[in-house]
Amino acid sequence: MEGGKLAALFLDEAIKKGNYDEGLMKIYHQRWMNKFGFDFKWSMIFCQMMYRYPILLDASAAALKRKGDKFLAKWADIMTGRVPKMYMLKPEFSLTLGYELLRLLIARFNGQKKNENKSL
């Protein structure tokens, strides 16, 4: 929504000046990147982490289930871009996800040990 507003204001400015050249569009691009560009970097980092370590998705699902609707609403704000992805680093999210990740890793480790004992 903010991106659309930024584009509309810039387009209005361009129409008033009657200028649509590449230089003017570079100004728009720079404004857009200043406002939203940093979030793409963090989105890519989070996507790569989820791709490399799928257990993070399991930890996220467990955290959302355990914490309930308020946490889900805040999570949705981050994932839809209403608030910057950097909010994922706040303790409310990072500690919660870290806790769930640790719980899952312990459960998998214990499950693996049980399976090894059964095969012996």
Side-chain angles (χ1 to χ4, degrees):
M1 196 127 183
E2 288 182 52
K5 185 177 179 180
L6 183 66
L9 290 172
F10 189 82
L11 185 58
D12 185 49
E13 192 179 316
I15 290 170
K16 285 178 182 173
K17 291 182 179 178
N19 183 0
Y20 310 99
D21 69 0
E22 185 177 346
L24 191 66
M25 293 304 130
K26 283 183 181 181
I27 294 170
Y28 167 73
H29 180 74
Q30 189 59 47
R31 285 183 190 172
W32 187 87
M33 288 300 288
N34 289 343
K35 183 117 177 127
F36 304 107
F38 66 94
D39 212 35
F40 285 99
K41 174 185 155 193
W42 284 104
S43 292
M44 179 60 79
I45 290 168
F46 289 134
C47 285
Q48 288 174 341
M49 287 175 58
M50 298 273 184
Y51 176 75
R52 288 186 185 135
Y53 309 105
I55 194 169
L56 292 172
L57 288 174
D58 297 336
S60 299
L64 292 170
K65 183 178 179 181
R66 187 172 59 82
K67 296 290 274 184
D69 292 341
K70 278 186 164 181
F71 190 80
L72 176 61
K74 290 178 182 180
W75 177 273
D77 285 344
I78 295 168
M79 292 297 123
T80 58
R82 283 189 61 195
V83 296
K85 298 291 187 283
M86 291 279 296
Y87 278 44
M88 287 293 286
L89 300 177
K90 286 186 170 187
E92 178 182 8
F93 291 100
S94 59
L95 293 178
T96 301
L97 291 175
Y99 170 78
E100 292 297 340
L101 179 60
L102 185 60
R103 242 177 32 83
L104 286 170
L105 289 171
I106 290 169
R108 286 188 182 183
F109 180 73
N110 287 336
Q112 188 177 32
K113 275 190 161 183
K114 288 177 187 175
N115 290 338
E116 286 175 4
N117 290 338
K118 286 181 184 178
S119 64
L120 295 175

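The hydrophobic cluster containing F46 does not contain F40, counting ILVMFWY residues as joined when their side-chain heavy atoms lie under 4.5 angstrom apart, directly or transitively. Following chains of ILVMFWY side-chain contacts shorter than 4.5 Å, one cannot reach Y28 starting from L9, and the two form parts of different hydrophobic clusters. Note: the hydrophobic cluster containing M33 does not contain M44 (ILVMFWY, side chain heavy atoms under 4.5 Å, direct or indirect links). Note: the hydrophobic cluster containing Y99 does not contain I55 (ILVMFWY, side chain heavy atoms under 4.5 Å, direct or indirect links).
Separating the CG atom in L102 from the CG atom in L95 is a distance of 12.0 Å, to the nearest 0.5 Å. Of the inter-residue distances, the one linking Q30 atom CD with I27 atom CD1 reads 10.0 Å to the nearest 0.5 angstrom.
The environment of CD in E22 is sparse: at most 12 heavy-atom neighbours from other residues, nucleotides or ligands sit within 6.0 Å. For CG of D69, the number of neighbouring non-hydrogen atoms (other residues, nucleotides, ligands) closer than 6.0 Å is 12 at most. More than 12 heavy atoms of other shown residues, nucleotides or ligands fall within 6.0 angstrom of atom CE in M25.
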Result block: side-chain N/O donor-acceptor pairs under 3.5 angstrom for residues 85-94, not counting sequence neighbours:
unit_1, atom_1, unit_2, atom_2, d
K85, NZ, I78, O, 3.0
E92, OE2, K74, NZ, 3.0
S94, OG, L89, O, 3.4
S94, OG, K90, O, 3.0

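Here the rule is side-chain contact (heavy atoms from CB on, under 4.5 Å) with W75, and of T96, T80, L64 only L64 fits it. Put simply, the residue from K67, K65, R66 that forms a salt bridge (charged side-chain N to carboxylate O under 4.0 Å, His left out) with E100 is R66.
Taking the side chain as every heavy atom from C-beta outward, H29 and F10 never approach each other to under 4.5 Å. Annotation: side chain of L56 is not in contact with side chain of L97 (no heavy-atom distance under 4.5 Å). Contact of the D58 side chain with the R108 side chain is registered, since non-hydrogen atoms from C-beta on lie closer than 4.5 Å.
Closest non-hydrogen pair, L24 versus A14, comes out as CD2-CB, 3.7 Å.
Using a cut-off of 4.0 Å between Lys/Arg side-chain N and Asp/Glu carboxylate O, K16 and E13 are scored as not salt-bridged.
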